[in-house]
Amino acid sequence: MRCPSCTSRDVGKIGANQYYCWNCFAEFNVSGDEVRVYEVAEDGSLIVVDQTNHADVEFGTGA
């Protein structure tokens, strides 16, 4: 899988359909064609950065 924000492959799964990018520190979730990207605030809350339809989000084994 690639991060929809920076296209890095350095992505880890943190929950059901929830992922974290270790390159740009964004958190995002995938639901069908909809992808929501969040910034993690200092207090741990999530701030919506982008909400778009990404049919081109790449899924894979991470290898």
Side-chain angles (χ1 to χ4, degrees):
M1 171 176 282
R2 288 186 180 268
C3 173
S5 184
C6 71
T7 69
S8 170
R9 289 186 180 262
D10 199 9
V11 172
K13 187 169 185 171
I14 58 173
N17 299 319
Q18 289 185 271
Y19 303 90
Y20 183 78
C21 178
W22 289 97
N23 186 57
C24 68
F25 311 111
E27 191 169 314
F28 59 98
N29 61 23
V30 180
S31 178
D33 285 347
E34 184 179 44
V35 177
R36 285 189 177 163
V37 180
Y38 302 91
E39 177 183 312
V40 181
E42 287 183 21
D43 65 358
S45 63
L46 300 177
I47 302 166
V48 177
V49 174
D50 185 23
Q51 179 180 345
T52 57
N53 291 335
H54 288 276
D56 58 344
V57 172
E58 181 180 315
F59 292 92
T61 61

Checklist entry - Which value, rounded to the nearest 0.5 Å, describes the distance between Met1 atom CE and Arg9 atom CZ? => result 11.0 Å

Checklist entry - So do Val49 and Phe28 actually touch side chain to side chain, heavy atoms under 4.5 Å? => result no

Checklist outcome for this item: Closest non-hydrogen atoms of Ile14 and Glu27, given as atom of the first, atom of the second and distance, are CD1-CD, 3.4 Å

Next on the checklist: If the condition is side-chain contact (heavy atoms from CB on, under 4.5 Å), which residues does Asp10 pass it with, not counting sequence neighbours?
Outcome noted: Ser8, Trp22

Next on the checklist: If you compare all heavy atoms of Arg2 against all heavy atoms of Val11, which two are closest, and at what distance to 0.1 Å?
Outcome noted: C-CG2, 4.2 Å

Sequence neighbours excluded and cut-off under 3.5 Å, please list the side-chain donor-acceptor pairs for residues 39-46, or say none.
| residue | atom | partner | partner atom | Å |
| --- | --- | --- | --- | --- |
| Asp43 | OD1 | Ser45 | N | 2.9 |
| Asp43 | OD1 | Ser45 | OG | 2.6 |

Checklist entry - Between CG of Asn29 and OH of Tyr19, what distance do you get to the nearest 0.5 Å? => result 9.5 Å

Next on the checklist: Going by the rule side-chain hydrogen bond (donor to acceptor under 3.5 Å, both in side chains), which residues pair with Ser31 if we only count those two or more places apart in sequence or in a different chain?
Outcome noted: none

Checklist entry - Does any non-hydrogen side-chain atom of Cys3 lie less than 4.5 Å from one of Cys24? => result yes

